Enquirer: 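Handing you this structure, nothing more for now.
Numbering of residues begins at 1 and proceeds along the displayed sequence. Just so it is clear, the model here is predicted, and its values are computed rather than measured.
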Amino acid sequence: MRHALSALAIIAMSGTSAFAQRDFDQVEIKTTEVAEGVYMLEGAGGNIGLSVGADGAFVIDDQFAPLSGKIMAAIAEVTDKPVEFVLNTHYHGDHTGGNEAFGEAGAHIVAHDNVRKRMKEQNILPDGSTAPPSPDGALPIITFSEAMSFHWNGQDIRVWHQSAAHTDGDAVIYFKDANVVHMGDLMINGGYPFVDINSGGVLSGYVAYYEKVLSKVDDDVKIIPGHGALASKADLEAYLAMLNEVRSRIQAEINAGKTEEETVAADPLRDLNEKWGQGFISGEAMTRAAWKSLTATHMDDHDH
């Protein structure tokens with residue numbers, strides 16, 4: 001459990017001293033073209049999406065602050081146009097750490113309303129510690145509540161917030177013409193999802209996102225997850241089936257009157273853990289998060 005929490009703390013933290021202990025000098029940025037003019041960049045932190053073309057670069061997430069120079073250099077390898085927009089899929093520091101640097105370089109930072117709200121305040125990390133507010137220069141300057149569209153680089157880029165799920169400020173980005181979807185941390189390919197309850201996350205909220213994406217895409221879609229390898233429609237279908245199974249099993253324990261500790265002791269996810277419990281989130285961490293989420297009373301998705 002401690003390992004899972006420490007990993008989550010690293011995921012969630014934004015601009016804190018813990019990053020000084022990481023050797024970002026050794027990180028290399030890997031760039032993969034997933035469709036014409038659309039790329040996935042991998043380094044340390046959340047996977048980055050990139051659209052390039054005549055209008056300028058459009059970036060989805062920007063990892064940790066110390067990597068901004070390397071990320072900018074990787075973008076410059078595929079386009080000589082400036083970065084005009086950075087869209088954050090949620091507020092966690094491994095997806096927004098580069099906001100300040102990109103903003104200073106002229107990019108417009110875009111995100112859901114709740115991303116700006118959370119970045120402006122102190123946040124509780126999964127291990128119980130706190131992260132300070134983000135600097136003003138890192139804050140999104142364009143926000144939305146439910147949906148927005150970009151008509152950019154010859155692409156219709158659809159962005160929407162369905163409900164609270166990973167956090168209360170999640171966004172999915174759909175490059176309709178390129179047949180590419182960026183899921184942010186709504187999908188951690190190959191592992192259980194991280195339901196950040198301290199940030200308004202709701203386990204049941206994931207299903208609506210998955211079902212909407214699956215209703216829009218064909219078998220050839222390329223899915224950029226928040227973490228992990230490039231995914232397919234079949235991968236997302238398997239992820240949805242897993243999540244529904246997790247929810248069903250934990251709800252059965254709750255219906256039987258079991259406490260969180262009793263549910264953990266019953267180990268209801270044991271046969272799923274070999275496949276899904278080897279990433280950031282252990283089987284125990286998934287069990288605890290699911291129990292807490294399914295027994296909680298949640299506030300309105302669009303506020304906190």
Side-chain angles (χ1 to χ4, degrees), residues 1 3-5 7-8 11 46-47 89-90 126 161-168 170 172 181-219 221-298 301:
M1 183 66 178
H3 172 74
L5 285 178
L8 295 183
I11 294 172
N47 292 328
T89 60
H90 60 291
H161 168 81
Q162 192 88 9
S163 61
H166 173 54
T167 68
D168 60 7
D170 302 315
V172 169
V181 177
H182 196 304
M183 296 287 293
D185 280 1
L186 291 163
M187 185 180 191
I188 299 177
N189 194 15
Y192 287 128
F194 168 31
V195 186
D196 189 353
I197 295 171
N198 290 334
S199 301
V202 181
L203 178 68
S204 298
Y206 284 80
V207 173
Y209 281 103
Y210 299 160
E211 290 180 342
K212 182 168 182 175
V213 171
L214 289 170
S215 75
K216 289 179 172 293
V217 301
D218 60 25
D219 291 343
V221 69
K222 301 292 194 303
I223 298 173
I224 301 174
H227 298 267
L230 192 68
S232 66
K233 183 177 183 180
D235 292 327
L236 186 58
E237 289 171 336
Y239 210 80
L240 173 58
M242 174 272 290
L243 188 68
N244 278 326
E245 186 67 18
V246 168
R247 186 170 61 163
S248 175
R249 292 185 187 188
I250 303 303
Q251 188 63 56
E253 301 293 325
I254 294 167
N255 292 347
K258 291 186 179 179
T259 65
E260 179 182 342
E261 295 304 328
E262 288 169 341
T263 300
V264 169
D267 199 11
L269 307 182
R270 55 188 171 275
D271 60 314
L272 300 177
N273 291 339
E274 185 175 350
K275 178 175 181 180
W276 300 102
Q278 307 306 310
F280 292 121
I281 311 302
S282 67
E284 180 183 340
M286 183 75 259
T287 300
R288 291 185 183 279
W291 191 95
K292 289 174 181 174
S293 182
L294 291 170
T295 57
T297 300
H298 299 289
D301 290 334

Enquirer: Got L243 and L203 here, is their nearest side-chain heavy-atom distance under 4.5 Å?
Expert: yes
Enquirer: Between CG of D185 and NE2 of H166, what distance do you get to the nearest 0.5 Å?
Expert: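 Rounded to the nearest 0.5 Å, the CG-NE2 separation comes out at 4.0 Å.
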Enquirer: Kindly indicate whether the side chain of M286, heavy atoms from C-beta on, has any atom under 4.5 Å from the side chain of V195.
Expert: yes
Enquirer: Which value, rounded to the nearest 0.5 Å, describes the distance between L214 atom CG and K216 atom NZ?
Expert: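 Result: 12.0 Å between the selected atoms.
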Enquirer: Could you give me the CA-CA distance, side-chain angles and deciding distance for I250 and T287, then say whether side-chain contact (heavy atoms from CB on, under 4.5 Å) is met?
Expert: CA-CA 7 Å; I250 303 303; T287 300; 3.9 Å; yes
Enquirer: Output all residues satisfying side chain to side chain contact (heavy atoms under 4.5 Å, CB included) with Q251, sequence neighbours left out; order by chain, then residue number.
Expert: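 So Q251 forms a side chain to side chain contact (heavy atoms under 4.5 Å, CB included) with I254, N255, L294.
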Enquirer: Can you name the closest pair of heavy atoms from S163 and G205 and give their distance?
Expert: OG-O, 3.4 Å
Enquirer: Taking only residues two or more places apart in sequence or in another chain, which ones pass side chain to side chain contact (heavy atoms under 4.5 Å, CB included) with K275?
Expert: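 Applying side chain to side chain contact (heavy atoms under 4.5 Å, CB included) to K275 gives none.
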Enquirer: Considering the options V213, D170, I224, which one meets the side-chain contact (heavy atoms from CB on, under 4.5 Å) requirement together with M183?
Expert: V213
Enquirer: Quick one: list whatever passes side-chain hydrogen bond (donor to acceptor under 3.5 Å, both in side chains) with N244, sequence neighbours left out.
Expert: R247
Enquirer: Check salt bridge (Lys or Arg N to Asp or Glu O under 4.0 Å) between K258 and all other residues, then give those that pass, not counting sequence neighbours.
Expert: E253
Enquirer: Check side chain to side chain contact (heavy atoms under 4.5 Å, CB included) between Q278 and all other residues, then give those that pass, not counting sequence neighbours.
Expert: none
Enquirer: Looking at residues at least two apart in the chain, or sitting in another chain, which of them share a side chain to side chain contact (heavy atoms under 4.5 Å, CB included) with N198?
Expert: I124, D196
Enquirer: Can you name the salt bridge (Lys or Arg N to Asp or Glu O under 4.0 Å) partners of D271, sequence neighbours left out?
Expert: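 Result, salt bridge (Lys or Arg N to Asp or Glu O under 4.0 Å) vs D271: R249.
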Enquirer: Hey, what do you get for CD (E245) to CG (L272), rounding to the nearest 0.5 Å?
Expert: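 Result: 6.0 Å between the selected atoms.
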Enquirer: Mind listing the closest non-hydrogen atom pair of S282 and A285 along with its distance?
Expert: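 Distance-wise, the nearest heavy atoms are OG-N, 3.0 Å.
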Enquirer: Using side-chain hydrogen bond (donor to acceptor under 3.5 Å, both in side chains) as the criterion, list what pairs up with D235, not counting sequence neighbours.
Expert: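 D235 satisfies side-chain hydrogen bond (donor to acceptor under 3.5 Å, both in side chains) with S232 only.
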Enquirer: Would you call E261 and R288 a salt bridge, taking side-chain N to carboxylate O under 4.0 Å as the test?
Expert: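 Result for this pair is yes, salt bridge flagged.
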Enquirer: Do Y239 and Y210 have ring centres separated by under 6.0 Å?
Expert: yes
Enquirer: List in chain and number order the residues that pass side-chain hydrogen bond (donor to acceptor under 3.5 Å, both in side chains) with K233, two or more places apart in sequence or in another chain; answer none if no residue qualifies.
Expert: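 Expected list: none.
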Enquirer: Grab the two heavy atoms, one from N47 and one from G228, that are nearest each other, plus how far apart they are.
Expert: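 In this case the closest contact between N47 and G228 is ND2-O, 2.9 Å.
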Enquirer: Would you say that K222 contacts L230 through its side chain, given a criterion of any heavy-atom pair below 4.5 Å between the two side chains?
Expert: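 A side-chain contact under 4.5 Å exists here.
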Enquirer: Can you tell if the side chain of I188 reaches within under 4.5 Å of the side chain of P193, non-hydrogen atoms only?
Expert: no
Enquirer: In chain order, what residues pass the salt bridge (Lys or Arg N to Asp or Glu O under 4.0 Å) check against E274, with sequence neighbours excluded?
Expert: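 Not a single residue meets the salt bridge (Lys or Arg N to Asp or Glu O under 4.0 Å) criterion with E274.
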Enquirer: Side-chain donor-acceptor pair under 3.5 Å between N273 and Y192, yes or no?
Expert: yes
Enquirer: By side-chain hydrogen bond (donor to acceptor under 3.5 Å, both in side chains), which residues pair with Y209, not counting sequence neighbours?
Expert: H161
Enquirer: For N189 versus P225, what's the shortest heavy-atom pair and its separation?
Expert: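 N189 and P225 have their closest heavy atoms at CB-CG, 3.8 Å.
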